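Each residue takes its place number in the sequence, starting with 1. On a predicted model such as this, the values are computed, not experimentally measured, just so you know.
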Amino acid sequence: MALAETLMDSTTATAELGWTVYPWEEVSGYDENMNTIRTYQVCNVFDNNQNNWVRTKYIWRRGAQRIHVEMKFSVRDCSSIPNVPGSCKETFNLYYYESDSDTANKVSPPWMENPWIKVDTIAADESFSQVDLGGRVMKINTEVRSFGPVSKHGFYLAFQDYGGCMSLIAVRVFYRKCPRVIQNGAVFQETLSGAESTSLVAARGVCISNGEEVDVPIKLYCNGDGEWMVPIGRCMCKAGHEAVENGTVCRACPSGFFKPIQGDVSCMQCPINSRTTNEGATNCVCRNGYYRTDSDPFQMPCTTVPSAPQNVLSIVNETSLILEWQPPRESGGREDVVFNIICKSCGGGRGGCTRCGDNVQFVPRQLGLTESRVYISDLLAHTQYTFEVQAVNGVSEQSPYSPQYASVNITTNQAAPSTVSIMHQISRTVDSITLSWSQPDQPNGVILDYELQYYEKVGNRSQPSREICG
């Protein structure tokens, strides 16, 4: 809604107005509410060639570029005046004169159109007759005119009568400005309207507190009627703040609520297993034991690690193995649970179990299994193994603890031992020989006895072999 800043209002005068007349008369009169006011009257309708002027006191411009004048007046109907000549008028003229100081006197500026600048000829929409006046019924006309641009420090107004019977009841001089407003998330201060009725005065906006520009520049235009129009650009509440009170305030998200991005969206309540540490939060912090990955959306609940897999089964076939299990009872609130297989060989030695070597094969793979089954091959025969089936998910790496697992112990079947690699002769006689050898590198079970084969050599040929067991 436009603002009107009054520069002069004749109705506020408590004494004589003291305007300069030539030759109007200042009298006490009445407004439309029958309140006593100071007015100017003229009624020289029986003389031809009238040129009657009344001039206001000096009016300071106060930065305005376009001036509006509201005039309340009454004009007598010429036909209601007996024997009135044809020169009777029912209109008057409005003029203005600019000056940087109050220098006017009774003869300067001269009472003529130049140097005065004419604004308009004012005509009455209604006129009153003598009968109306006698019945105390007064028909008051109200007209508003504007002029500009004005550039000097101030100005005078003048009203010219040239043969009418009228009363100038009230004069209000004002300028229009667009009010301070908050629009599109920005504050626009009071702005004076332009010099022309069609002028658009650009005003630069400033984002409200905790608002951020999203389109630059932020502008509104103040038109000649003191109304804002043509918005350009906008501000939005920054992360951690939401728009309230019809977009005029960016309020910090209260405790337990957050807003991760700039925009018009409202603050959201923290998801399950998370909380805020202060007002104006842009995200919620996971509670102890709960985590969030970098790829998890802010509105997703914080999650935890899964429990151990259940009911691990093993099927041994010589040196290969099939492991099967059931998913963990608790997934940690996530759907990305996978399984890892840890293989440990416990086949002897004093160091306990050790990780299996790279020769052990896993199908489809050892880590990141999505199914609850794996085939393991190339194990050592007659060897004890421990297999741990771990359950992990997207936040397991953030936990300071090792993944939970279920384990199973198995022993592979016996197999034929490897060959004796080294044999030594200890002694021999004419009809005997004493030999020694090391245990095979891979006994693949309990060795019950050894079998020796020897050949008798006759000349360059070997005779059929003979066996010795024991």
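The ring-ring contact (aromatic ring centres under 6.0 Å, His included) pairs that include a residue from residues 269-315 number zero, where partners must be two or more places apart or lie in different chains. Residue pairs meeting the ring-ring contact (aromatic ring centres under 6.0 Å, His included) criterion with at least one partner in residues 228-258, sequence neighbours excluded, are Phe188-Trp228. Applying the ring-ring contact (aromatic ring centres under 6.0 Å, His included) definition to pairs two or more places apart or across chains, none involves residues 361-380. Within the structure, salt bridge (Lys or Arg N to Asp or Glu O under 4.0 Å) contacts touching residues 276-292 (residues at least two apart or in different chains) do not occur.
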Could you give me the CA-CA distance, side-chain angles and deciding distance for Val173 and Phe155, then say whether side chain to side chain contact (heavy atoms under 4.5 Å, CB included) is met?
CA-CA 11 Å; Val173 183; Phe155 57 91; 3.8 Å; yes
Cys284 and Cys302: CA distance, side-chain angles, deciding distance, disulfide bond (SG atoms under 2.5 Å apart) verdict
CA-CA 9 Å; Cys284 297; Cys302 292; over 6 Å; no
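With rounding to the nearest 0.5 angstrom, the CG atom of Asp215 is 7.5 Å from the CE atom of Met236. Separation of atoms OG1 (Thr434) and NE2 (His424) is listed at 14.5 Å; rounding is to 0.5 Å. In this structure, CG on Asn246 lies 10.5 Å from CD1 on Ile182, to the nearest 0.5 angstrom. A distance of 12.0 Å separates CZ of Arg61 from OG of Ser99, quoted to the nearest 0.5 Å.
Checking Lys259, Met268, Gln269 one by one against Cys253, the side chain to side chain contact (heavy atoms under 4.5 Å, CB included) holds for a single residue, Lys259.
Relative orientation of the Tyr96 and Phe147 rings is parallel, given thresholds of 30° and 60° on the angle between their planes.
With sequence neighbours left out, the salt bridge (Lys or Arg N to Asp or Glu O under 4.0 Å) criterion links Arg145 to Asp120, Glu143. Contacts of Asp336 classified as salt bridge (Lys or Arg N to Asp or Glu O under 4.0 Å), with partners at least two apart in sequence or in another chain: Arg334.
Contact check on Arg180 versus Glu190 returns no salt bridge, with no Lys/Arg side-chain nitrogen under 4.0 Å from an Asp/Glu carboxylate oxygen.
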